[in-house]
Amino acid sequence: MQKPAITQVPIDPILANRWSGRAYDASKSVSKEQIIALLEAARWAPSCFGDQPWRFVVWDKQTDNKSWQKAFDCLAPANQAWVKDTSVLMLVCADTLFNHNQKPNRWGQYDTGAAAENICLQASSMGLMAHQMGGFDSDKAREAFAIPEQYIPMAMLCVGYAADINTVTGDALDRETAARARRPLSELFFDGSWGNPIV
Ligand SMILES: Cc1cc2nc3c(=O)[nH]c(=O)nc-3n(C[C@H](O)[C@H](O)[C@H](O)COP(=O)(O)O)c2cc1C
């Protein structure tokens, strides 16, 4: 299912077509080559000092179902309800320290979000769907996968092939059918001074 953004002015279709759906086709899996392409997209995200503070742990249901299940168990129940049909899970972590001098990296989380978004856009361009999730138990994930203290588990994300909307039920279906909405440009973007709408 496609759910392109209704934009105030035209934008690149790759951006408009990316969306966080919840209906996944359990019968289709993402290949290893596709997974590597997604990670390559993340690898080329910009970062402060070119530090590349992101780290991703990846679980492929097809090749390591046991570990995929262990990662799945870290998700909030509301997310598990629909993530069950996805092919790939990832844990997105941000380094708290700069690689080059081990001093605190104030931009680590900012850069890591950019890398995660690159994955989502790359997935969309490949006919896949990615969905980021803050709804997971970060302490559980840290312990289950021995994430070092220096790194913060920021989000999990899942990737798979989109399915027909009728494959989801309950709360997830309501969210699936809701219109995609954004605040107007005038509310978020300022012209020259704070609060002065750009349009
Ligand atoms: C950091 C982050 C955390 C999110 N957490 C969840 C989540 O736990 N469960 C969920 O269903 N969607 C989650 N989302 C998806 C957002 O709800 C979604 O991106 C937002 O509603 C905009 O919709 P769109 O991505 O389709 O444009 C999250 C997105 C981000 C970026």
Side-chain angles (χ1 to χ4, degrees), residues 1-26 38 41-42 45-47 53-59 68 71-96 107-142 147 151-165 167-185 187-189:
M1 182 193 158
Q2 299 254 316
K3 211 171 165 185
I6 309 299
T7 58
Q8 287 182 237
V9 295
I11 60 172
D12 193 289
I14 296 287
L15 300 171
N17 289 332
R18 180 217 59 82
W19 77 292
S20 308
R22 295 175 181 82
Y24 282 90
D25 188 339
L38 297 175
S47 59
W54 48 80
R55 299 291 183 275
F56 288 73
V57 187
V58 181
W59 299 279
W68 187 94
F72 178 83
D73 290 344
C74 296
L75 289 168
N79 286 330
Q80 287 179 336
W82 53 270
V83 174
K84 63 178 177 24
D85 294 329
T86 67
S87 181
V88 174
L89 277 173
M90 299 187 194
L91 177 67
V92 187
C93 301
D95 200 344
T96 57
W107 299 274
Q109 298 180 23
Y110 182 89
D111 297 343
T112 298
E117 175 67 352
N118 270 15
I119 288 194
C120 296
L121 292 171
Q122 180 68 28
S124 190
S125 78
M126 292 162 64
L128 300 167
M129 187 165 66
H131 192 137
Q132 302 177 78
M133 292 165 286
F136 75 105
D137 186 333
S138 63
D139 292 338
K140 190 171 177 177
R142 185 186 286 289
I147 310 299
Y151 298 87
I152 306 175
M154 299 302 306
M156 291 184 74
L157 69 83
C158 59
V159 189
Y161 282 90
D164 191 88
I165 199 166
T167 59
V168 287
T169 51
D171 188 39
L173 180 60
D174 293 343
R175 295 165 83 178
E176 204 72 0
T177 47
R180 294 185 65 204
R182 289 296 190 272
R183 294 181 191 181
L185 284 167
E187 209 179 290
L188 304 174
F189 303 97

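Values in this document were obtained by computation on a predicted structure and should not be read as measured data. When a ligand or atom number is given, it counts from 1 through the structure's own listing order.
Those atoms of ligand 1 that come under 4.0 Å of a heavy atom in G135, given as number and element, are 8 (O). Atoms of ligand 1 found under 4.0 Å from any heavy atom of W19, numbered from 1 in the order shown, are 26 (O). Atoms of ligand 1 lying under 4.0 Å from any heavy atom of R175, numbered from 1 in the order shown and given with element: 10 (C), 11 (O). Listed by atom number, the atoms of ligand 1 under 4.0 Å from N79 heavy atoms are 7 (C), 8 (O), 9 (N), 10 (C), 11 (O). Each of the following atoms of ligand 1 lies closer than 4.0 Å to a heavy atom of R22: 10 (C), 11 (O), 12 (N). Every atom of ligand 1 with a heavy atom of W82 under 4.0 Å away is listed here by number and element: 11 (O).
There is no protein heavy atom closer than 4.0 angstrom to atom 16 (C) of ligand 1. Within the 4.0 angstrom cut-off, atom 22 (C) of ligand 1 has one or more protein heavy-atom neighbours. Within a 4.0 Å radius of atom 29 (C) of ligand 1, the protein contributes at least one heavy atom.
Listed here is the closest heavy atom pair of I147 and C93: CG2-SG, 4.1 Å. Considering all non-hydrogen atoms of both residues, A172 and W82 come closest at CB-CD1, 4.0 Å. Residues M129 and A23 share a closest heavy-atom pair of CE-O, 3.6 Å. Across M90 and W59, no two heavy atoms sit closer than the pair C-CZ3, 3.8 Å.
Contact annotation: for K3 versus ligand 1, there are no heavy atoms closer than 4.0 Å.
For ligand 1, the polar-atom distance check finds no N/O of A155 at less than 3.5 Å from any of the ligand's N/O atoms. Taking only nitrogen or oxygen atoms, main chain and side chain alike, H131 reaches within less than 3.5 Å of ligand 1. The distance criterion of under 3.5 Å between nitrogen or oxygen atoms is met by Q132 with respect to ligand 1.
Going from atom CG of L121 over to atom CE of M126 covers 12.5 Å, rounded to the nearest 0.5 Å.
Using a 4.0 Å heavy-atom cutoff, F136 is absent from the residues neighbouring ligand 1. Within the 4.0 Å heavy-atom shell around ligand 1 one does not find E117. The closest approach between R18 and ligand 1 falls below 4.0 Å for a heavy atom of the residue. Judged by the shortest distance from any of its heavy atoms, R182 lies inside the 4.0 Å radius around the atoms of ligand 1.
Between the choices A76, G134, A78, S20, the shortest heavy-atom distance to atom 24 (P) of ligand 1 belongs to S20.
A donor-acceptor pair under 3.5 Å links the side-chain atoms of N79 to the main chain of G135, judged by distance alone. When atom types are taken as modelled, the side chain of N17 and the backbone of P13 share a donor-acceptor pair closer than 3.5 angstrom. Listed for the R22 side chain is no donor-acceptor partner under 3.5 Å among the backbone atoms of L173. Although no hydrogens or angles enter the test, the distance criterion places a donor-acceptor pair under 3.5 Å between the side chain of T112 and the main chain of G108. Between the side chain of K84 and the main chain of A26, no donor-acceptor pair closer than 3.5 Å is present.
The pair E117-R18 counts as a salt bridge, with a side-chain nitrogen and a carboxylate oxygen less than 4.0 angstrom apart.
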